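Computed from a predicted structure; not experimentally measured. Every chain is numbered from 1, with letters handed out A, B, ... down the list of sequences.
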There are 2 protein chains.
Amino acid sequence: MSDLKFYDVEMDRTDCTVIHQETVDRVRDTMPDEDTLLELADAFKLFSDSTRLKILYALMEAEMCVCDISVLLGMTKSSVSHQLRVLKQSNLVKYRKAGRVIYYSLADDHVRTICQMGMAHVLEEDEEIAP
Amino acid sequence: MSDLKFYDVEMDRTDCTVIHQETVDRVRDTMPDEDTLLELADAFKLFSDSTRLKILYALMEAEMCVCDISVLLGMTKSSVSHQLRVLKQSNLVKYRKAGRVIYYSLADDHVRTICQMGMAHVLEEDEEIAP
DNA sequence: CCAATAGTTGAACAGTCGTTCAACTATTCA
DNA sequence: TGAATAGTTGAACGACTGTTCAACTATTGG
């Protein structure tokens with residue numbers, strides 16, 4: 001049917017022909033879902049900003065309020081608060097209110113594990129460059 | 001000296017006073033260097049885009065050329081090539097030339113380890129939402 | 001009660017980033 | 001040799017993101 005041909009033309013955004021069809025098919029079967037990969041990307045995105053990493057490393061050592069973190073990082077309370085909101089929404093940090101002061105801390109040990117593993121990778125990379 | 005006072009005013013970008021000076025001092029001592037944290041953020045940034053993740057997951061399964069990856073992901077060769085350049089520069093993938101065709105593959109097992117750990121985190125998060 | 005202050009919020013701005021397009025190189029094979 | 005094709009490149013565009021500013025809420029202590 002001409003429908004099929006039309007469909008193929010519409011979907012082709014690659015301006016090239018497949019070279020190893022079997023490989024493509026096999027790989028397609030083993031790939032995680034689109035949604036899962038988007039979720040994974042979003043998870044890594046949380047750790048991909050140095051301000052957020054600084055906040056997380058600070059909270060690994062102590063429960064801290066917004067002012068403390070602001071002074072520690074030399075940034076405005078607003079900026080810190082915005083990032084804490086992101087980390088809170090992603091369940092990486094939790095908080096506790098005490099009067100006017102809000103104390104933030106790590107939600108669990110995932111953060112520590114993930115940062116340690118990323119750090120190991122970075123340090124190993126550096127070794128390769130200057131052994 | 002008025003110099004000192006002026007310095008303090010200049011440096012203060014936090015519009016707030018420290019609440020727990022001891023905590024801030026202690027945390028500051030344990031924090032990794034600024035440069036290290038920037039490097040760590042850049043490392044996580046590589047895994048924070050779903051296209052790059054797709055490419056990396058594909059290469060976990062098989063050595064592939066640019067055309068194969070383009071067809072697999074339904075993207076232009078150009079787009080794939082740009083991302084492969086990023087991954088190549090970061091030593092996450094390597095390549096081998098065979099005539100007109102360039103075969104890409106994972107540089108080492110770091111990628112597998114990091115993705116698996118990120119994925120474990122994502123899957124665990126999902127469990128918490130719907131156990 | 002009210003001034004002071006911890007923290008939040010949303011809009012605005014600037015910088016970053018991924019994709020596309022068009023032009024290019026390089027290799028093959030007919 | 002020259003047409004075809006794998007892959008790269010840089011500019012342009014739009015979307016996204018982190019910071020700042022200003023205005024706001026809420027809590028406290030005099």
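Considering only heavy atoms from C-beta on, B/Asp29 stays 4.5 Å or farther from A/Glu61 through its side chain. Here the side chains of B/Tyr103 and A/His20 are in contact, with some heavy-atom distance below 4.5 Å. Residues A/His110 and B/Glu124 meet the side-chain proximity criterion, which asks for heavy atoms closer than 4.5 Å.
Regarding B/Arg96, its CZ atom lies at a distance of 12 Å from the P atom of D/dG7, rounded to whole Å. At whole-Å resolution of the value, NZ in A/Lys45 and P in D/dA15 are 16 Å apart. Atom pair A/Ile102:CD1 and D/dT28:C1' shows a separation of 14 Å (rounding to whole Å applied). For the pair B/Ile69 CD1 and C/dT19 P, the computed distance is 13 Å after rounding to whole Å. Rounded to an integer number of Å, the gap from OH of A/Tyr104 to P of C/dG7 is 8 Å. The CG-P distance, from B/Asp49 to D/dA15, rounds to 16 Å in whole Å. In this structure, the NE2 atom of A/His20 is 14 Å from the C1' atom of D/dT5, given to the nearest Å. If you measure from atom CG of B/Leu84 to atom P of D/dT9, you get 11 Å, rounded to the nearest angstrom.
In terms of polar N and O atoms assigned as donor or acceptor, the side chain of A/Ser78 comes within less than 3.5 Å of the base of C/dT9 in a complementary pairing. For A/His82 against C/dG7, no side-chain N or O and base N or O form a donor-acceptor pair under 3.5 Å.
Residue A/Val101 has its side chain nearest to C/dA6 when only C/dA6, D/dG7, D/dT8 are considered. Closest to the B/Lys77 side chain, of the nucleotides C/dT19, D/dA6, C/dG7, is D/dA6.
When ring centroids are compared, A/His121 and B/Phe47 stay outside the 6.0 Å threshold.
Using a 4.0 Å heavy-atom cutoff across all strands shown, A/Tyr95 reaches no nucleic acid atom at all.
For D/dG7, the OP1/OP2 oxygens have no side-chain nitrogen or oxygen of B/Tyr103 closer than 4.0 Å. In this structure, B/Gln83 does not reach the C/dC17 phosphate: none of its side-chain N or O atoms is under 4.0 Å from OP1 or OP2. Within the 4.0 Å cut-off from OP1 or OP2 of D/dG18, not a single side-chain nitrogen or oxygen of A/Ser79 is found. When the side-chain nitrogen and oxygen atoms of B/Ser81 are compared with OP1 and OP2 of D/dG7, none of them lie within a distance under 4.0 Å. Taking 4.0 angstrom as the limit, B/Arg85 places none of its side-chain polar atoms (N or O) nearer than this to OP1 or OP2 of D/dG7.
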Go through B/Tyr57 and A/Leu40 one step at a time and tell me if the side chain to side chain contact (heavy atoms under 4.5 Å, CB included) criterion holds.
-> CA-CA 12 Å; B/Tyr57 267 93; A/Leu40 185 55; 3.7 Å; yes
Could you walk me through whether B/Lys45 and B/Asp42 pass salt bridge (charged side-chain N to carboxylate O under 4.0 Å, His left out), step by step?
-> CA-CA 5 Å; B/Lys45 212 168 289 177; B/Asp42 282 344; 3.5 Å; yes
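Shown here for B/Leu84 and B/Val93, the closest heavy-atom pair between the two residues is O-CG2, 4.1 Å.
No donor-acceptor pair closer than 3.5 Å links the side chain of A/Lys88 to the backbone N or O of A/Lys94.
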Got a list of protein N/O to nucleotides 27-30 of chain C N/O distances below 3.5 Å?
{"unit_1": "C/dT27", "atom_1": "OP1", "unit_2": "B/Lys97", "atom_2": "NZ", "d": "3.4"}

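When the nearest nucleotides of DNA chain D are assigned to A/Val80 and A/Asp42 by heavy-atom distance, the more 5′-ward of the two goes with A/Asp42.
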